[in-house]
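We name chains A, B, ... by the order of the sequence lines, and we start the count at 1 in each one.
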Protein chains: 2
Amino acid sequence: MLPMRPELLKGHLDALLLAVLEPGPQHGYAVIESLRSSSDGALDLPTGTVYPALHRLERAGLIASDWETVGGRRRRAYRLTASGHTALREQRAIWDQFAAAVTAVLRGRPWPATV
Amino acid sequence: MLPMRPELLKGHLDALLLAVLEPGPQHGYAVIESLRSSSDGALDLPTGTVYPALHRLERAGLIASDWETVGGRRRRAYRLTASGHTALREQRAIWDQFAAAVTAVLRGRPWPATV
DNA sequence: CTCCATAGATAGCATCACAAAGTATTGTGA
DNA sequence: TCACAATACTTTGTGATGCTATCTATGGAG
């Protein structure tokens, strides 16, 4: 698995985090592992990327957190808010468009008119 | 067509430019129009984005340029170098991986083991 | 007792697309 | 004739954001 260039993720991280939290609450460390496992190691994000991003999403009101203690360890469980669910829907649509556009250009073929 | 958030493109622009230049030389202004038309308006990049990016690619040796005058207007025709062709191949592979990983996470399904 | 996995935080940096402003030429419409 | 759009290129500065590096802390394995 090639190491992912850092900048590639820019602007797409929020969508990934929201998507990972969609099935149910998770704490930060678990989010990192979810991303890694569900992408077969392709998305192996450092804590310095994920934790600040979660804080940002919480400030934006897209997720909320509760502290919990499990096995003597404090952890913060994040869950999607209503706005978070809405944002995730939008982000998915934006990603689909973006991905289709980039793929079309990279393939050198014109945009598929029939979508 | 939704306005594309700026950061989404980060790290992917080089691949797009190389791909547009693959069929043959083009000048900057034409590159912008190629991107717009081949993405049905989704990729409508400002000159302040494209021209510096072309300079960057030229400094990196992935493209080369020749000045030409057409109808009294000076324009710079860019073409892929050998390194540029190689880079484009790599970038396509990287994009495919990245797109597959993001799509998998957004779809909430595990990475397809059979690729 | 040391080391690793778990769990979290953050300061500072680097990258890069973009906004905004400018130069210059050609063609068009009033 | 004169304003304006389209063509064509350039550059300065800024903002957003992911990453590196470093730090704190606990629990279990060896």
Requested in this report: Write down the distance between NE2 (A:H27) and P (C:dA7), rounded to a whole number of angstrom.
Outcome: 4 Å
Query raised in the report: In whole Å, what is the span from the CZ atom of A:R36 to the P atom of C:dA7?
Result: 12 Å
Requested in this report: State which residues pass side-chain contact (heavy atoms from CB on, under 4.5 Å) with B:E58; sequence neighbours excluded, sorted by chain then number.
Outcome: B:I63, B:S65, B:R76, B:Y78
Report task. Using atom CD1 of A:I32 as one end and atom P of D:dG18 as the other, report the distance to the nearest whole Å. Result -> 14 Å
Query raised in the report: Looking at A:R75, does any N or O in its side chain come under 4.0 Å of the phosphate oxygens OP1/OP2 on C:dA7?
Result: yes
Report task. Report the distance from atom CG of B:L35 to atom P of C:dC18, rounded to the nearest whole Å. Result -> 11 Å
Requested in this report: Indicate whether OP1 or OP2 belonging to C:dT15 is found under 4.0 Å from a side-chain N or O atom of B:R56.
Outcome: no
Query - Where protein sits on nucleotides 22-30 of chain D, one letter per nucleotide: B base, S sugar-phosphate only, - none, heavy atoms under 4.0 Å - result: ----BB---
**Report entry** pair A:L45-A:L9: side-chain heavy atoms closer than 4.5 Å
**Finding:** yes
Report task. Return the nearest nucleotide to the side chain of B:P46; candidates are D:dT17, D:dT7, C:dA19. Result -> C:dA19
**Report entry** Nearest-Å distance for atom pair CG/C1', residues A:L9 and D:dC19
**Finding:** 11 Å
**Report entry** Upstream residue (5' side of DNA chain D) when B:G48 and A:G48 are each assigned their closest nucleotide
**Finding:** B:G48
Query raised in the report: Taking 4.0 angstrom as the limit, do B:E22 and B:R92 come out as a salt bridge?
Result: yes
Report summary line: From NE2 of A:H12 across to P of D:dA16 the rounded distance in Å is 17 Å
Report task. Would you kindly give the NE2-to-C1' distance between A:H55 and C:dT10, to the nearest whole Å? Result -> 8 Å
Query raised in the report: OG1/A:T49 to CG/A:L17 distance, rounded to the nearest 0.5 angstrom?
Result: 10.0 Å
Report task. Please determine, for the side chain of B:Y51, which listed nucleotide (D:dA8, D:dG15, C:dA9) has the closest atom? Result -> D:dA8
**Report entry** Cation over ring face, B:R74 and B:W67, 6.0 Å, 45°
**Finding:** yes
Query raised in the report: What nucleotide among D:dG18, C:dC18, C:dG8 has an atom nearest to a side-chain atom of A:Y29?
Result: C:dG8
Report summary line: Rounded to whole Å, CG of A:D14 lies from P of D:dT17 at a distance of 7 Å
Report summary line: By side-chain contact (heavy atoms from CB on, under 4.5 Å), B:R79 pairs with (sequence neighbours left out) B:P25, B:A64, B:D66
Query raised in the report: Is any side-chain heavy atom of B:T86 closer than 4.5 Å to a side-chain heavy atom of B:E90?
Result: yes
Query raised in the report: If you check every side-chain atom of B:T49, which of D:dT10, C:dA9, C:dA17 has the closest atom?
Result: C:dA17
